[in-house]
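One structure is given below, encoded as structure tokens.
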Amino acid sequence: MRINRRSFPLLFKHCLPCLNYCAIRRLHEIPFFDLYHRITGKTIPKSSLPKLKKKHPNLDTVSREQLQSTLQILQKFGITPLEACENPHLFSMNPISMDNYGEILKECGFLTIAPTHIIRYHTLVRARTISQLKKEGLIDSNLKLDNVLHDCFPEWPEKEKKYQPFPDSSTSILTIRVYVLEQYLNWRLSVTTDEFKKYCRNYLPLKHRPMCDIKEALNLAQNEIKFDVPCIRRNGFIIASDPVNTKLILEKVESLAGIDIREAIRIEPAILKNNYNSLLEIKQILEDFNIKNEAQRHCMRVYCMAPESVRERLQHLSTLKEYRVLFSNPRVLSLVVHKVKVLNRLEKIQEAKKQCYSLNHLVGSNQIFNSYINSFGNKACGRDIAVLISSSLDADKIKTYDRNGNTKLSQSELTELILPKLRKHKYWLHTALNAIDENIQYLKQFFDDNVIYHNCLLLLYPVAEIKQYIELLLKKRDKYRRYDDVCNIQLDPVYNMLNYDLLTDHQVLSLVLYEMEKKHHFTGDGVWNKANKTESEDFNLPIQQIV
């Protein structure tokens with residue numbers, strides 16, 4: 001009877017009375033013990049578990065699904081469930097590696113494949129010579145292994161093949177396999193000897209991947225995903241990738257970051273290292289944390305991580321004020337990818353009493369960060385400031401015109417319009433992002449996005465001072481009663497003749513900016529609160545403590 005994933009549990013469950021079956025499950029609670037009992041009719045005493053675990057690691061944690069998958073793989077090589085149970089180490093092996101080992105032995109002409117052959121695969125292909133294997137009757141005495149391996153690639157022209165005499169008495173299977181594979185990759189991709197050595201050193205599965213899998217992986221890469229040859233040569237793991245996993249990714253994952261899965265893989269080829277279930281799980285996690293597709297496209301490397309790591313890092317980072325301020329930045333996921341680096345740098349920034357951090361300082365090269373941390377003064381990244389402002393405003397509500405005369409703006413277009421406005425202030429790079437974010441949140445309570453956009457220079461100033469002027473002017477204009485009557489500022493007497501009722505929102509914010517800068521002779525120094533400034537500090541804005 002054919003044993004597969006569906007029929008296997010039913011086959012043995014009906015061989016025993018239901019009560020007995022349930023009793024065994026309650027007794028052992030270790031799936032392999034149940035399998036062993038059902039196959040052999042014998043019971044493994046619990047006292048043997050420590051010895052089994054020492055000899056066969058993780059045997060007690062293998063699930064029923066994993067046991068069935070292993071049996072299904074072994075069936076391809078003619079290994080029965082009874083033979084498998086008599087060699088329990090098979091169930092401790094990685095199923096993909098075990099499948100590869102069996103396929104390679106079959107590919108190399110092994111007459112039969114026993115459980116011990118798969119278990120001792122590395123000994124057979126590395127340490128045993130061809131003559132020893134022939135003498136033991138494992139392969140045919142007349143077999144020419146290099147010819148057999150060359151025949152695995154029928155598309156390879158005979159005139160392009162290079163044969164080298166390998167004496168059976170001193171040559172292992174692995175030596176011939178590596179030689180043939182290097183020649184094939186040289187013909188198909190023009191891979192050099194140095195590149196091939198680097199692949200074998202960096203991508204260990206390559207030397208132990210069946211030739212048919214390598215050929216299929218390359219066909220998928222070139223014909224389905226449309227990688228060009230230089231890209232494959234730069235990313236040797238594509239050659240060593242599992243074609244079964246690649247097919248599942250292409251079939252089960254339609255898109256990532258809002259783009260077709262094939263295009264996503266072309267952007268970040270290392271996605272092929274992950275399995276399709278992990279990709280779908282990461283996609284859902286990013287959706288749960290409201291990470292936009294644009295941000296995902298700026299950092300596709302997040303799909304190369306383990307889902308558990310992505311979730312844990314997002315949960316931790318979301319407790320930091322720095323992350324919440326940078327959340328709208330298109331490159332915010334780089335904080336997730338480089339979480340350890342980010343936390344270490346935030347600590348150093350805090351120790352150096354610098355507040356004007358930017359995303360580039362947190363995730364950039366060590367040279368960029370060291371230059372920032374050791375330099376005098378405090379500067380943020382201008383684009384990070386503009387992105388923070390533009391992402392906090394609704395572009396559809398901004399009344400302006402782009403070069404084409406359209407009123408609707410994208411976030412990137414709005415960012416480009418904000419940058420020249422901010423550059424008018426000579427100290428625009430010297431305001432912390434968290435201070436700008438605090439100003440935006442405060443102003444949005446009373447003013448629409450269009451007014452804030454046209455007065456975006458106001459966002460560079462201390463929120464406490466802005467708040468006092470706005471409270472006073474709104475109270476005079478609207479008889480606003482929400483705030484206390486106590487106010488620490490006085491307007492110039494010239495304003496006594498002003499009709500406050502006629503002030504627009506735009507004029508209110510313009511007056512606030514005018515009054516704050518008038519005290520500093522319009523030098524721009526109003527961006528700093530002089531009252532709390534000390535010789536060792538550039539700003540009075542406290543940096544957020546690392547959670």
Side-chain angles (χ1 to χ4, degrees), residues 1-4 35-36 39-40 42 52 55-56 59 67 69-154 156 158 161-184 200 204-216:
M1 178 181 293
R2 178 180 175 83
I3 299 176
N4 55 41
L35 173 66
Y36 187 87
I39 297 295
T40 66
K42 301 175 184 178
L52 281 172
K55 195 172 182 181
H56 313 293
L59 189 63
L67 291 174
S69 177
T70 298
L71 288 174
Q72 192 174 34
I73 291 170
L74 294 173
Q75 186 187 23
K76 297 195 309 183
F77 310 115
I79 298 174
T80 65
L82 180 59
E83 291 175 316
C85 288
E86 291 172 347
N87 296 271
H89 189 73
L90 290 170
F91 297 99
S92 298
M93 297 177 66
N94 181 290
I96 296 176
S97 297
M98 182 176 61
D99 192 10
N100 287 339
Y101 296 164
E103 289 292 345
I104 289 174
L105 295 179
K106 183 191 293 186
E107 195 173 71
C108 291
F110 269 60
L111 300 175
T112 58
I113 299 176
T116 53
H117 297 158
I118 294 179
I119 294 172
R120 298 171 59 224
Y121 161 82
H122 286 283
T123 300
L124 293 177
V125 302
R126 289 173 181 269
R128 297 289 183 87
T129 63
I130 302 296
S131 59
Q132 288 175 328
L133 296 175
K134 289 181 177 181
K135 187 176 180 180
E136 294 176 16
L138 297 180
I139 59 179
D140 190 275
S141 58
N142 297 320
L143 181 74
K144 294 291 185 182
L145 185 56
D146 55 340
N147 291 342
V148 171
L149 295 178
H150 276 97
D151 291 341
C152 292
F153 306 106
W156 193 0
E158 188 66 30
K161 297 177 182 177
K162 297 179 182 179
Y163 293 89
Q164 180 175 328
F166 289 102
D168 288 354
S169 59
S170 60
T171 307
S172 67
I173 286 178
L174 187 60
T175 301
I176 300 179
R177 280 182 51 81
V178 169
Y179 172 78
V180 173
L181 180 57
E182 180 181 354
Q183 297 304 315
Y184 174 71
C200 292
L204 297 180
L206 181 61
K207 292 194 292 187
H208 304 289
R209 183 78 70 188
M211 298 296 195
C212 58
D213 280 6
I214 292 173
K215 182 173 67 174
E216 188 173 8

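Pro167 and Pro165 get closest at one heavy-atom pair: CD-O, 3.7 Å. Nearest heavy-atom pair, Pro81 versus Ile39, reported as atom, atom and distance to 0.1 Å: CB-CD1, 3.8 Å. Summarising the geometry of Tyr184 relative to Trp156, their closest heavy-atom pair is N-CH2, 3.4 Å, with the distance given to 0.1 Å. Here the closest non-hydrogen pair linking Ser169 and Ser131 is CA-OG, 3.5 Å. Considering every non-hydrogen atom in both Asp140 and Lys134, the closest pair reads O-CE, 3.5 Å. The heavy-atom pair separating Lys55 from His89 by the smallest distance is O-ND1, 3.9 Å.
Between Cys108 and Arg177 there is a side-chain heavy-atom pair separated by less than 4.5 Å. A heavy-atom distance below 4.5 Å is found between the side chains of Leu71 and Leu35. Taking 4.5 Å as the limit, every side-chain heavy atom of Phe77 sits out of range of all side-chain heavy atoms of Leu105. Between Ile130 and Ile173, the closest side-chain pair of non-hydrogen atoms falls below 4.5 Å. Using a 4.5 Å heavy-atom cutoff, the side chains of Arg209 and Ile214 are in contact. By the 4.5 Å heavy-atom criterion applied to side chains, Val180 and Lys161 are not counted as neighbours. Residues Leu90 and Glu83 have side chains not in contact (no heavy-atom distance under 4.5 Å, counting atoms from C-beta outward). Counting heavy atoms from C-beta on, the side chains of Asn87 and Ile79 never come closer than 4.5 Å.
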Inset, instruction - Decide yes or no on side-chain contact (heavy atoms from CB on, under 4.5 Å) for Gln164 and Ile176, but give the supporting numbers first. - result: CA-CA 9 Å; Gln164 180 175 328; Ile176 300 179; over 6 Å; no
Legend entry - Residue pair Asn100, His208: steps toward the side-chain contact (heavy atoms from CB on, under 4.5 Å) verdict: CA-CA 7 Å; Asn100 287 339; His208 304 289; 5.9 Å; no
Inset, instruction - Could you walk me through whether Leu181 and Leu206 pass side-chain contact (heavy atoms from CB on, under 4.5 Å), step by step? - result: CA-CA 9 Å; Leu181 180 57; Leu206 181 61; 4.1 Å; yes
Inset, instruction - Go through Phe91 and His56 one step at a time and tell me if the side-chain contact (heavy atoms from CB on, under 4.5 Å) criterion holds. - result: CA-CA 8 Å; Phe91 297 99; His56 313 293; over 6 Å; no
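Annotation: side chain to side chain donor-acceptor pair (under 3.5 Å) contacts involving residues 142-152, sequence neighbours excluded, are absent.
Atom NZ in Lys42 sits 11.0 Å away from atom SG in Cys85 (nearest 0.5 Å). Rounding to the nearest 0.5 Å gives a distance of 8.0 Å between SG of Cys200 and CD of Glu182. Within the model, atoms CG of Asp168 and CD1 of Ile139 stand 7.5 Å from one another, a figure rounded to the nearest 0.5 Å. Taking CE of Met98 as the start and OH of Tyr121 as the end, the distance is 14.0 Å to the nearest 0.5 Å. One finds the CZ atom of Phe110 at 11.0 Å from the CD1 atom of Ile104 (value rounded to the nearest 0.5 Å). Atom OG of residue Ser141 and atom CG of residue Leu133 lie 12.5 Å apart, to the nearest 0.5 angstrom.
Sparse packing is recorded around NZ of Lys135, with 12 or fewer heavy atoms of other residues, nucleotides or ligands lying under 6.0 Å away.
For Tyr101 and His117, the ring centers are positioned 6.0 Å apart or more.
Across Pro210, Cys152, Pro154, a single residue satisfies side chain to side chain contact (heavy atoms under 4.5 Å, CB included) together with Lys215, and that is Pro154.
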